[in-house]
Structure formats: C-alpha cells, structure tokens
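First up is the structure itself, then whatever we jot down about it.
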Amino acid sequence: MSGSQLWDDVDFYFSTHLSPDDEALQAALRDSEAAGLPHVNVTASQGKLLQLLAQIQDARHILEIGTLGGYSTIWLGRALPEDGRLISLEYSAKHAEVATRNIARAGLERIVEVRVGPALESLPKLADENPAPFDLVFIDADKANNANYLEWALKLTRAGSLIIVDNVVRDGRVLDAEGAEPDVRGTRAAIEMIGSHPRLTGTAVQTVGSKGYDGFALARVLA
C-alpha cells in the first residue's frame, strides 16, 4: 500500500469514528464541487480540530480569513453559542455565494456573516467598526499575505486569543529560504513573525492525510 493511500485510509478511519460528516457538511462539499470550487477545503478531521479548539477557547467571536465554500466555516460556527458571531472574509463573490447557501442550509445564517472582497481591504473596514476582540482567528487564504493577515489578527484579538495559520508546510517548500514563490515567502514571514513577535507564542505541526503532506501553525496572543 502506498503512503498516500495509507494516509487516506487512516483519515477515513479517524473521521468515521471521530468527525463524521452530516448532511449539511456533505452537501457543502457537494455544492462546492458542483460549482467548480478548488478542492482545498479542510478535511473532516481538520474541521473537527478547529471546532474543538474554538470550544476549548470558549470562543464567542471568531474571524475566518478565507471562506471558500463554507465547509470550515460550518465547523467553526457550530462551536459558537447562539449569541456568538463569526465573520468570514472571502475574496471571490462566486465562492461567497456558494458558502452563504451552505451556511444557511446548516442553520448558521444568524451568527455567520460572509464579507466579500480582498481581505486586506475588508480587515481595515472591520477594525473601523471596533468589534469585540476575536477569541479565535483562522487564516486560510492566499498564502502570500499570511504575515499581513497575522498582523491584522493581532490588532483584532486580545490576550489569550488563538490564531491558526493553515497550510504552512507547502509540501516542504517552506524550507526554501531563497525561493521566489509568493506562497513560500508569505508563509515563512508568518512563521518567523510568530517566533519573534513579543505578543505571540506558538508552534507549527506537520501533518499527513487526505490533503497530503501539510501542516498548520498555532499561536497564542500574549498580553
């Protein structure tokens, strides 16, 4: 059995027992595929991890940068209390339209808001609203701007907030300090910012599974 097939099979075993998709989640994946969205959503196990982290945080306010079809948004939204709030920023109007339908089908339209446009334009507007600090921020958008998104996450959180940056391994290309690829440069900048910023402490974890060789960074905001 090949390594990738083994990873797929183990992921299937874990998700079957620990994070099974229900109809709303399955429909979100089906509709995303039917609409031609890229197949880059988190896996069920990763979605459940996001949900657990939000619950451990006792999160009431969540910010997601990168909505895609709303699959991860549903996992995160289900961690919130009835009076919680999740704002998800999505560049593509097409993706946002699919996500909004998927979120409504999951019964989360009252607490989840999808905002359309470049995140680096949406984030200053969000800051101008002076929202309550976000308890958790999930960054899963264009990787070239990871460090910029991280800077904004710091402005919009509080001491004790959790920031998650997805897809930081880049199939191992994160090691390429001389690389010209914007996704690698942006990811390295975010990792190095987590390691050096006086208001952050964090780590990064490599993963294998249905998404292949990948990983995520996890950072906690200090006082």
Side-chain angles (χ1 to χ4, degrees), residues 37-38 40-42 46 50 53-54 57 59 61-68 70 72-73 76 85-96 99 112-205 214-223:
L37 272 59
V40 293
N41 53 272
V42 301
Q46 292 165 343
L50 291 173
L53 289 171
Q57 277 290 98
H61 302 94
I62 295 175
L63 174 63
E64 180 181 49
I65 304 176
T67 318
L68 195 61
S72 58
T73 318
L76 285 166
R85 186 186 190 199
L86 192 162
I87 296 177
S88 188
L89 309 181
E90 173 53 47
Y91 175 82
S92 166
K94 175 184 176 181
H95 295 181
V112 175
E113 177 187 359
V114 179
R115 299 189 179 188
V116 182
L120 291 180
E121 295 179 8
S122 299
L123 286 162
K125 296 176 183 177
L126 176 59
D128 287 343
E129 297 171 15
N130 194 28
F134 290 97
D135 306 301
L136 184 147
V137 179
F138 179 46
I139 300 173
D140 190 16
D142 57 305
K143 311 309 174 185
N145 280 307
N146 271 342
N148 294 324
Y149 297 146
L150 186 57
E151 288 179 356
W152 275 106
L154 269 172
K155 296 175 184 177
L156 293 165
T157 51
R158 56 168 176 79
S161 291
L162 196 63
I163 302 172
I164 305 158
V165 185
D166 203 11
N167 309 126
V168 298
V169 172
R170 316 308 299 156
D171 288 319
R173 291 184 296 115
V174 71
L175 292 178
D176 188 4
E178 306 302 322
E181 294 91 341
D183 63 326
V184 173
R185 292 202 306 270
T187 298
R188 287 178 62 91
I191 292 294
E192 291 163 19
M193 181 178 173
I194 292 172
S196 63
H197 200 287
R199 292 189 59 219
L200 289 171
T201 182
T203 190
V205 176
D214 208 337
F216 62 91
L218 188 67
R220 185 171 186 265
V221 180
L222 303 175

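Note that the coordinates shown come from a computational prediction; the quantities given were computed from them, not determined experimentally.
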* Show your working on salt bridge (Lys or Arg N to Asp or Glu O under 4.0 Å) between Glu192 and Arg188 and close with a plain yes or no. => CA-CA 6 Å; Glu192 291 163 19; Arg188 287 178 62 91; 3.6 Å; yes

* Asked: Going through the distances and angles, do Asp183 and Arg173 end up as a salt bridge (Lys or Arg N to Asp or Glu O under 4.0 Å)?
  -> CA-CA 9 Å; Asp183 63 326; Arg173 291 184 296 115; 2.6 Å; yes

* **Stepwise side-chain contact (heavy atoms from CB on, under 4.5 Å) check, Leu200 with Leu222** => CA-CA 6 Å; Leu200 289 171; Leu222 303 175; 6.0 Å; no

* Run the side-chain contact (heavy atoms from CB on, under 4.5 Å) check on Arg170 and Asp176 step by step: do they pass? -> CA-CA 10 Å; Arg170 316 308 299 156; Asp176 188 4; over 6 Å; no

* **Residues Ile139, Asp166; criterion side-chain contact (heavy atoms from CB on, under 4.5 Å); working and verdict** => CA-CA 6 Å; Ile139 300 173; Asp166 203 11; over 6 Å; no

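Across all non-hydrogen atoms, the minimal contact from Ile191 to Ala204 is CD1-CB, 4.3 Å. Taking both residues in full, the closest heavy atoms of Ser122 and Gly117 are given as OG-O, 3.9 Å, listed atom of the first, atom of the second, then distance. In terms of heavy-atom proximity, Pro124 sits nearest to Ala119 at CD-O, 4.3 Å.
Residue Leu53 holds its CG atom at 7.0 Å from CG of Leu136, rounded to the nearest 0.5 Å. Atom CG of Asn146 sits about 8.5 Å away from atom CG of Asn167, to the nearest 0.5 Å. One distance of note links CG of Asn145 with CG of Leu120; it measures 4.5 Å at 0.5 Å rounding. Going from atom CZ of Phe216 over to atom CG of Leu50 covers 8.5 Å, rounded to the nearest 0.5 Å. Distance CD/Glu121 to CG/Leu89: 11.5 Å, rounded to 0.5 Å. Note that OG1 of Thr157 is 13.5 Å distant from NE2 of His61, once rounded to the nearest 0.5 Å.
There is a side-chain donor-acceptor pair under 3.5 Å between Ser72 and Glu64. Between the side chains of Tyr149 and Asp142, at least one donor-acceptor pair of N or O atoms lies under 3.5 Å.
Under the 3.5 Å distance criterion, the side-chain polar atoms of Ser161 are matched with a main-chain donor or acceptor of Arg158. Checking side-chain atoms of Gln57 against main-chain N and O of Asp135 turns up a donor-acceptor pair under 3.5 Å. Counting only distance, with no hydrogens or angles, the side chain of Asp140 and the backbone of Gly66 share no donor-acceptor pair below 3.5 Å.
Taking the side chain as every heavy atom from C-beta outward, Arg185 and Lys143 never approach each other to under 4.5 Å. Side-chain contact between Leu63 and Phe138: absent, with no pair of heavy atoms (C-beta onward) separated by less than 4.5 Å. Leu154 is listed as a side-chain neighbour of Met193, based on a closest heavy-atom distance under 4.5 Å. With contacts defined as side-chain heavy-atom distances shorter than 4.5 Å, the pair Leu123/Leu156 qualifies. Leu37 has its side chain within reach of Leu68: a pair of non-hydrogen atoms, C-beta onward, lies under 4.5 Å apart. Between Ile62 and Val137 the shortest side-chain heavy-atom distance does not fall below 4.5 Å. Side-chain contact between Glu90 and Ser92 is present, with heavy atoms from C-beta onward closer than 4.5 Å. Taking 4.5 Å as the limit, some side-chain heavy atom of Leu126 sits within range of a side-chain heavy atom of Phe134.
For the pairing with Val168, the side-chain contact (heavy atoms from CB on, under 4.5 Å) check across Leu218, Thr187, Val174 returns one residue only, Thr187.
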